[in-house]
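What follows is a set of notes on a single structure, which appears directly below.
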Amino acid sequence: MKRRLRTPPLGDDALDALSAQARHQPYAKHKRNPRAFGLEPIPGISDDPTYCDEHAGFTPDDMKRVPGLIKRGIVAGLTSEAEAKGVPRLLWSIDDNGWVYEARLTNEGQALYHGYPLLPGDPVAIKVISRFRDWAYARDSAVITQRLAMTVQAAITLADAAQGRYGR
Amino acid sequence: MSGYFEISASWPEPSERQADVAEISIRLGDEILTRIADLESNTNREYFRASAVSLSLWFADNWWRLRCEPVDNTSLPSVDWRMRHELSAASGGTQWPPVMIYSGGDRVTFAPSLSRQHAAAKLRYLDTRVRTIQASQFEVGIDNFFNLVLESCAHSNDAPVLRELVDQLVVERKEPELTAWRRLEACLGYDADEAPSEVVERFLAISDRLNERDLEEAAIAAQGAHSADILESAIAASEASDVVLDFKLAERVDLSKTELAYPSPWQLAELAASQLRDGFGLHSAPISDKSLSDLLLARWDDLKATTETGRNLPYATRLRTTQSKQKVTLISTRTDAVRFEVSRLLGDAIWTDESAFGPISSAKSDRQKFQRAFAQSFLCPLRGVREFVDFDNPKSEDIRACAEAFHVHPHVVRNLLVYKYVLPPETLDDQLEVA
């Protein structure tokens, strides 16, 4: 599956529908300490994953912000070209501290996703940041505030924080 | 059957093959690219753990660009280029080796990614030096990896997609016309089926005059949708040029006399320059403007006066008109730059032997590397540099004095010293040029 942003992005109606439907399913694999998040470790040998906690400093307290992060990414058009039965197979978002997360579809019927941070070496993160920044500059400030409860300046500051983390 | 380049994969828990968590190791000869220090467990290992199917899909999706496209023509490769050439783009959520893979022509290079690494990561890849292998070795290694994964992960959800991609690659690599199309697409900087057909068709329309390698080199020299426009303009400018050089002296070079099994472009260039210099009794002496033009059966004043020929083009050119005579366009204006450009044209004639056309560009293909290295060694041989620069204590002022004596830019002298490990490479760009 190619990790490409859908171009052009989905329209606002489709994004709103997806935003209402998409749900997060926590996944122990991307937690160095899954039990801290109330998750049972995955038995057997795992791959070398990126960790929400160890790499991105994500804490159990941050879990309540996840629905907002998913919405942020969807509303900004950060969905993949690849789809499964009309549901994007990948979503992206940018956390307040500039970390870029990718969410992978695990159940297309229920639009269930699990997420993980992208490390600074991942070029896809730069694409995501560029798309988010373009969206922040292009959309009417009232629209951004209404759809994401954040100001344009806050959105641009977020993009700058991410660029600082992932840029050269 | 493993060869010089091998991607091996084993699945420590066979029942996991459906989930496909493999222990993957990348080997080039005796060297393991995937040596890791696991700071969490305080152990070292020679493999990373990831989805072998995901890695295979990335190789299959990007095969032609990995095989044919050089490193981006700048010191800051585009994100689009990085997604096709850096392993970290294979899939999200995995700590992939920080390696990028790209072609120089008949060789493929593995080099450290140009992107920032995460300082706090507890998995540290230990050895990501720049390495090259023959392109044929690369193809065999990837084919073997595909076969291993298709056999071992037949029940994976993505196995059918991988099978389809691999089968398509087999067809494309067997059919000469398809191969030529795909190679040009990749050299132009496009994924398969994404290049404007009209651009590729215009390149292929010139194939009765220019061979495939010349066409690919022109595509690499100016990638993108305007590449055909540029090539056609370059050919027209060459045909209209009054500057004619005779490259008959290229016949005096015999690159097969190298004693190295797998010489790099700069090593071949040094050999070629040495053969020519010794053949003309130049040895370690500077070459004057007049001597240079005399060697090419031209007048220096004509060369200097006609630098307008290629001024609007992104690359200089040579176009063969007879067996040895070639019309050239130049894009430089400074005297030392014109000398360098003319020497690169000679270098291109040496590298390509019978080729009808040659672009002189800033691209990073092995052919362009050879041209640059040849011009450096021809105009400023290391034997001559030693008379100015103490290799144990190279000083900037001595480098400048040497450059002035040989009428080259100081970078020429510096690059020669980098090739010979007298000076360290200052950037990854330096390291890649030497490889």
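A note on names: the letters A, B, ... follow the listed sequences, proteins ahead of strands, and every chain is numbered from 1.
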Rounded to the nearest 0.5 Å, what's the gap from [atom1] on [X] to [atom2] on [Y]? Could you check?
{"X": "A:I126", "Y": "B:M83", "atom1": "CD1", "atom2": "CE", "answer": "11.0 Å"}
{"X": "B:L57", "Y": "A:K2", "atom1": "CG", "atom2": "NZ", "answer": "10.5 Å"}
{"X": "A:H55", "Y": "B:K122", "atom1": "NE2", "atom2": "NZ", "answer": "9.0 Å"}

(Q) Between B:D191 and A:R4, does the salt bridge (Lys or Arg N to Asp or Glu O under 4.0 Å) criterion hold? Intermediate values first, please. (A) CA-CA 13 Å; B:D191 293 341; A:R4 307 280 164 84; 3.4 Å; yes
Q: Give, as side chain, backbone, both or neither, the part of B:A22 having an atom under 4.5 angstrom from any heavy atom of chain A.
A: neither
Q. Does any heavy atom of chain A fall under 4.5 Å from the side chain of B:S91, the backbone, both, or neither of them?
A.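 For B:S91, heavy atoms of backbone and side chain both lie under 4.5 Å from chain A.
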**Q.** Atom CG of B:N42 with >12 non-hydrogen neighbours under 6.0 angstrom
**A.** no
Q) For B:E31, does the CD atom sit with more than 12 other heavy atoms under 6.0 Å from it, leaving out its own atoms? A) yes
Q) Any idea which heavy atoms bring A:P123 and B:A89 closest together, and the distance? A)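 Smallest interatomic distance, heavy atoms only, reads CG-CB, 3.9 Å.
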**Q.** Heavy-atom pair of closest approach, residues B:D158 and A:R89
**A.** OD1-NH2, 4.4 Å
Q. Do you know which of B:A90, B:G93, B:S54 has the most heavy-atom pairs with chain A at a distance under 4.5 angstrom?
A. B:G93
Q. Would A:D48 and B:R45 satisfy salt bridge (Lys or Arg N to Asp or Glu O under 4.0 Å), going step by step from the backbone distance to the final call?
A. CA-CA 12 Å; A:D48 293 326; B:R45 48 183 158 99; 2.9 Å; yes
Q) Between A:T50 (side chain) and B:T94 (backbone), is there a donor-acceptor pair under 3.5 Å? A) no
Q) Ignoring hydrogens and geometry, is there a side-chain-to-backbone donor-acceptor pair from B:Q95 to A:P49 under 3.5 Å? A)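 Side chain of B:Q95 to backbone of A:P49, a donor-acceptor pair under 3.5 Å: yes, one is there.
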